[in-house]
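In listed order, ligands and their atoms are each counted from 1.
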Amino acid sequence: MHKIAVLPGDGIGPEVTAAAVEVLKRAAEKFSLELEFEHFDFGGAAIDAHGKPYPEETQRGVHAADATLLGAIGGPKWDNVPREIRAETGLLALRKDQGLYANLRPARVLEGLEELSPLKPELARGVDILIVRELTGGIYFGEPRGMSEAEGWNTMRYSRPEVERVAKVAFEAALKRRKKLTSVEKANVLEVGEFWRRTVAEVAQSYPEVSLQHQYVDAMAMHLITHPADFDVVVTSNIFGDILSDLSSVLPGSLGLLPSASLGEGVPLFEPVHGSAPDIAGKGMANPTAAILSAGMLATYALNRADVGDAIEMATAQALRTTRTPDLGGDASTTEFTKTVIAALGG
Ligand code: ATP
């Protein structure tokens, strides 16, 4: 029995997570998985009900679960609440609480959907990249940091365990995919980059099946546009991952298509990359693809059932060939699209 904490959140969050839960329930029946879902308030919804975005009851629910499935949080209604109880503060607290140090963002151009990509179809075809970003270290957290009248400074610093553990996540992910890993840094200029490169190369010795390549971040930015289909898994530091994952996220052509996973010491978290999209909330027109694909990642990475994750991904790709929500130029509702995915999953 696997316990899943569902945090629907705000805006379109509840609509897209309901779709993802339905798909997971169908997949569970088909693959004889036992899943138990429990819903908790999070984000703005929790501020309204409990006066804070990540209340104790939700924390307990997440701690007791095998995985967390999150919708989206925030919206104009909560923009003016004090900083310490902002919806986003809840998400940072959850990540910190669970020690989620690796953020996985796949960017895949689905067959038949090449025309949505801003790249020429011949470049977009076959793109299937997974960016693994280090999430809790690097220049965003390094000390010393500060600013005076005369200067501003930050420190990019990585310890061996920090690089090793995120590299392991990336090698393990590569084993579940096409067994290619690209490690990205700036070893020609930064000592921390050279240290990153050496440490990843050491970890590689435990993964002889995976082919490892090193790239400088500036060259990588070019390659992601000129031949994105060449890459499989990419592992990089917090700041380079922030930039490269945003760059690669535009390749599939719509925010509504992008799932994510955050893995680490505690309960892993799965959520769409998009936000709460208050402009379309409650209208039944949100694209649930990103949430459904996040549920697929949950099966692969939290339940260690890549077969189930692959089946969810294939059913979603098949559904997208015939049925599309308005953001992709179609007229299907969230529910119609979800039913099509469930039908494609089959019995
Ligand atoms: P945040 O700051 O919370 O990440 P944001 O304001 O940057 O959010 P989103 O809420 O992700 O952006 O979305 C921007 C716009 O993209 C939305 O207003 C909506 O029109 C569209 N959008 C995002 N996600 C979806 C989706 N799943 N289905 C349909 N349209 C979407």
Side-chain angles (χ1 to χ4, degrees), residues 6-23 42-48 53-54 69-81 83 85-95 103 105-108 110 113 116-118 131 133 135 241-243 245-262 269-297 312-313 316-317 319-320 323-341:
V6 183
L7 316 184
D10 311 313
I12 61 170
E15 299 163 63
V16 299
T17 27
V21 167
E22 264 190 69
V23 171
F42 191 60
I47 296 174
D48 288 350
Y54 187 30
L69 186 64
L70 171 67
I73 51 161
K77 183 176 172 196
W78 303 282
D79 275 354
N80 297 319
V81 302
R83 176 172 287 278
I85 61 156
R86 283 191 67 121
E88 295 74 14
T89 313
L91 188 55
L92 290 177
L94 194 169
R95 286 191 184 133
N103 184 235
R105 275 175 57 171
R108 182 163 179 207
L110 296 167
L113 290 182
L116 293 175
S117 175
I131 307 255
R133 165 186 171 192
L135 202 56
D242 190 8
I243 298 164
S245 66
D246 265 17
L247 192 161
S248 64
S249 74
V250 301
L251 303 177
S254 168
L255 255 183
L257 298 173
L258 302 166
S260 81
S262 300
L269 172 72
F270 302 86
E271 57 175 322
V273 166
H274 63 71
S276 60
D279 52 328
I280 56 162
K283 296 186 179 158
M285 61 192 274
N287 185 351
T289 300
I292 293 171
L293 293 175
S294 301
M297 293 186 84
I312 291 175
E313 198 177 302
T316 309
L320 281 166
T323 312
R324 295 183 192 176
T325 44
D327 56 307
L328 300 179
D331 59 4
S333 67
T334 310
T335 320
E336 281 160 356
F337 180 76
T338 309
K339 284 194 177 133
T340 315
V341 175

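At distances below 3.5 Å, not a single donor-acceptor pair connects side-chain atoms of T89 with backbone N or O atoms of I85. Counting only distance, with no hydrogens or angles, the side chain of E271 and the backbone of A72 share no donor-acceptor pair below 3.5 Å. Looking only at distances, a side-chain donor or acceptor of T334 sits under 3.5 Å from a matching main-chain atom of G284.
In terms of polar-atom proximity, defined here as any N/O pair under 3.5 Å, G256 makes no such contact with ligand 1. Between L255 and ligand 1, no N or O atom pair is found at a separation short of 3.5 Å.
Contact check for S249 versus I131: no side-chain heavy atoms found under the 4.5 Å cut-off. F337 has its side chain within reach of T289: a pair of non-hydrogen atoms, C-beta onward, lies under 4.5 Å apart. Using a 4.5 Å heavy-atom threshold, the side chains of K77 and D48 count as touching. Counting only heavy atoms from C-beta outward, the side chains of D242 and R133 approach each other to under 4.5 Å. Residues L269 and L91 meet the side-chain proximity criterion, which asks for heavy atoms closer than 4.5 Å.
Nearest approach of T338 to V23, heavy atoms of both residues: CG2-CG2, 4.1 Å.
In terms of protein heavy-atom proximity, atom 10 (O) of ligand 1 is closest to A277 N, 2.9 Å. The shortest contact between atom 17 (C) of ligand 1 and any protein heavy atom is with D279 OD1, 3.4 Å. For atom 30 (N) of ligand 1, the nearest protein heavy atom (residue, atom name, distance) is I280 CD1, 3.5 Å. At the top of the distance list for atom 28 (N) of ligand 1, counting protein heavy atoms only, stands N287 N, 2.9 Å.
Look at S276 and you'll find a heavy atom under 4.0 Å from some atom of ligand 1. Distances shorter than 4.0 angstrom do not occur between any heavy atom of V16 and any atom of ligand 1.
With a heavy-atom cut-off of 4.0 Å, D327 touches ligand 1 through its side chain alone. Proximity of T289 to ligand 1, defined as any heavy-atom pair under 4.0 Å, is not found for any part of the residue.
Within the listing of ligand 1, atoms 1 (P), 3 (O), 4 (O), 8 (O), 9 (P), 10 (O), 11 (O) sit less than 4.0 angstrom from a heavy atom of G275. Every atom of ligand 1 is numbered from 1 in the order shown, and the set under 4.0 Å from a heavy atom of H274 is 11 (O), 23 (C), 24 (N), 27 (N).
For atom 7 (O) of ligand 1, the nearest protein heavy atom is 4.0 Å or more away. Atom 2 (O) of ligand 1 lies below 4.0 Å from none of the non-hydrogen atoms of the protein. Shown here, atom 26 (C) of ligand 1 is in close reach of the protein: a heavy atom of it lies under 4.0 Å off.
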Inset, instruction - List the steps and the verdict of side chain to side chain contact (heavy atoms under 4.5 Å, CB included) for R324 and L113. - result: CA-CA 11 Å; R324 295 183 192 176; L113 290 182; 2.9 Å; yes
